Number of protein chains: 2
Amino acid sequence: MTAISVLLVDDHTVVRSGLKALLGTQADIAVVGEASSGEEALEAAQVHSPAVVLMDLAMGDGMDGIEAIKQLRQRNPKQAVIVFTTYDSDADIVRAVDAGAMGYLLKDAAPEEIFAAVRGAVQGKSVMSAPVASRLFQQLRNPDEILTPREAELLSLLTQGLSNRDLGKRLFISEATVKTHLAHIYAKLGVETRAAAIATAIRREGMR
Amino acid sequence: MTAISVLLVDDHTVVRSGLKALLGTQADIAVVGEASSGEEALEAAQVHSPAVVLMDLAMGDGMDGIEAIKQLRQRNPKQAVIVFTTYDSDADIVRAVDAGAMGYLLKDAAPEEIFAAVRGAVQGKSVMSAPVASRLFQQLRNPDEILTPREAELLSLLTQGLSNRDLGKRLFISEATVKTHLAHIYAKLGVETRAAAIATAIRREGMR
DNA sequence: TGGTCTCTCCACCTTTTGGCTGATATGGCC
DNA sequence: GGCCATATCAGCCAAAAGGTGGAGAGACCA
């Protein structure tokens with residue numbers, strides 16, 4: 001049996017090193033490459049053709065994790081991408097799943113959880129950390145509060161402090177559309193102002 | 001020469017594993033113990049008497065990093081504590097230094113930086129990541145950016161998502177005064193809108 | 001005593017945001 | 001084909017926020 005080939009993508013050397021050490025203890029898993037940015041990840045995926053990509057969502061400058069997932073999935077749909085990140089932000093989860101992620105692990109996951117996720121991913125199984133799963137579950141019960149991918153994207157930018165005009169420019173849509181999305185977001189979050197939305201989003205969603 | 005004994009404190013198994021792997025490559029550094037919480041850290045420090053403690057500030061439930069640093073320093077002032085965390089929040093830096101931390105590293109630090117910090121710490125040298133240092137330096141040079149008590153109070157309420165009217169009611173001042181304070185706050189934070197001020201405040205000051 | 005800081009307040013004006021009622025296009029689903 | 005969710009856009013109006021340029025009172029300090 002061939003070992004499952006894994007590509008690690010994280011801008012923290014320490015985390016890559018830790019994953020390599022942990023995964024190295026498993027005979028059926030082999031780390032074949034590392035990358036510290038979205039761009040590097042795409043290159044490394046070309047070179048190594050890993051079966052599984054373990055990727056952090058937050059990566060300093062340049063391409064973010066979501067975009068990297070999209071492009072990876074586009075180039076090679078057979079490759080399974082597992083998100084491995086610090087926060088269980090609602091928005092990130094939705095966007096990551098939308099982009100094609102097979103699993104969603106938090107960095108405080110136990111080693112066994114990580115192994116299980118990697119093994120599951122190659123079999124098409126979706127594995128996620130308990131807090132992430134319960135969050136999704138809770139959302140399923142309150143469908144009215146689920147943000148669409150686009151809304152989540154907008155909310156994420158909103159928490160950067162952008163104005164409606166800037167949001168429009170950034171997303172290539174008109175200011176009118178921005179306002180429409182915002183109105184929907186406010187309703188779903190149960191707030192009335194942009195300030196409250198930002199406060200709620202950052203505290204509740206773990207956005208930073 | 002005896003190797004420098006190090007205790008790792010982080011609630012993420014992956015990070016501990018990574019640090020152990022990286023530090024293990026250095027002949028003069030030896031990891032003598034691990035802990036995943038503040039409480040465990042105190043126990044482990046008693047047992048192993050490490051020369052250096054590498055500690056994350058954010059640790060799930062229970063005692064937080066700052067409190068753990070204080071107690072460690074109190075019990076054994078010779079022990080050097082280096083903060084190893086993800087965020088360079090102004091508030092955290094000040095509090096950590098205040099609690100007696102010898103160094104402040106970010107998790108995206110290069111391995112060499114980590115080694116240097118550990119070696120420096122036992123010699124009484126204080127080492128911090130470049131972004132952290134520049135932040136502290138900037139604050140020292142620009143006392144103009146320090147908020148007055150009243151402004152800080154207002155900013156704190158602002159991050160709750162209140163409107164100007166609500167802020168006025170809450171603080172028993174007119175809306176005009178609220179606007180004056182806000183203008184000053186924006187200038188000091190270097191932002192132009194309330195949205196950006198909220199985002200900056202929550203992220204930078206650790207207000208949550 | 002004079003200067004500086006802080007906190008308070010006002011008026012006027014522009015820009016931004018939010019609330020409302022629409023509309024069109026697309027794609028998935030039954 | 002019809003239904004629904006999503007994403008896009010418009011116009012109008014009221015409310016909120018922001019910019020400018022003041023000003024007075026009290027505290028503190030040199």
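By convention in this document, chain letters (A, B, ...) are assigned in the order of the sequence lines, proteins followed by strands, and residues within each chain are numbered from 1. Keep in mind the model is a prediction, meaning the values are calculated, not measured.
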Bend angle of the helix from C/dT1-D/dA30 to C/dC30-D/dG1, end axes from five pairs each (to 10°): 40°
Whole-Å gap separating C1' (C/dG18) and CZ (B/Arg165): 14 Å
Among A/Val52, A/Ile114, A/Ile4, side-chain contact (heavy atoms from CB on, under 4.5 Å) partner for A/Leu23: A/Ile114
Polar contact flag, side-chain donor to acceptor under 3.5 angstrom, B/Thr180-B/Thr177: no
Phosphate contact (C/dT17 OP1 or OP2) by A/Asn164 side-chain N/O below 4.0 Å: yes
Note, B/Leu19 side chain near B/Val6 side chain (heavy atom, < 4.5 Å): no
B/Thr85-B/Asp56 side chain donor-acceptor pair, cut-off 3.5 Å: yes
For nucleotides 6-11 of chain C, list the nitrogen or oxygen atoms of the protein found under 3.5 Å from its nitrogen or oxygen atoms, one pair per line.
from	atom 1	to	atom 2	distance (Å)
C/dC7	OP1	B/Arg150	N	3.0
C/dC7	OP2	B/Thr148	OG1	2.4
C/dT8	OP1	B/Arg150	NE	3.2
C/dT8	OP1	B/Arg150	NH2	2.8
C/dT8	OP2	B/Arg150	NE	2.9
C/dT8	OP2	B/His181	NE2	2.8
C/dC9	OP2	B/Ser174	N	2.6
C/dC9	OP2	B/Thr177	OG1	2.8
C/dC9	O5'	B/Thr177	OG1	3.3
C/dC9	N4	B/Thr180	OG1	2.9

Whole-Å distance separating the CG atom of A/Leu155 from the C1' atom of D/dT6: 17 Å
Distance, nearest 0.5 Å, that separates CG of A/Leu189 from CD1 of A/Ile198: 11.0 Å
Interatomic distance where OH belongs to B/Tyr186 and P belongs to D/dT20 [whole Å]: 14 Å
B/Arg16 side chain near B/Lys20 side chain, heavy-atom distance below 4.5 Å: no
Separation of D/dA16 C1' from A/Ile198 CD1 (nearest whole Å): 15 Å
Distance, rounded to the nearest Å, where B/Leu167 contributes CG and D/dG18 contributes C1': 14 Å
Side chains of A/Leu72 and A/Met55 in contact at under 4.5 Å (non-hydrogen atoms): yes
For atom CG of B/Leu162 and atom C1' of D/dA16, their distance in whole Å: 14 Å
Atom pair distance, as rounded to whole Å: CG in A/Leu182 and C1' in C/dT16: 12 Å
Test log, rule side chain to side chain contact (heavy atoms under 4.5 Å, CB included), inputs B/His12 and B/Lys107: CA-CA 12 Å; B/His12 296 173; B/Lys107 280 193 181 166; 4.3 Å; yes
Least distance between heavy atoms, B/Lys70 atom then B/Ala99 atom: CG-CB, 3.7 Å
Separation of C/dG19 P from A/Lys179 NZ (nearest whole Å): 10 Å
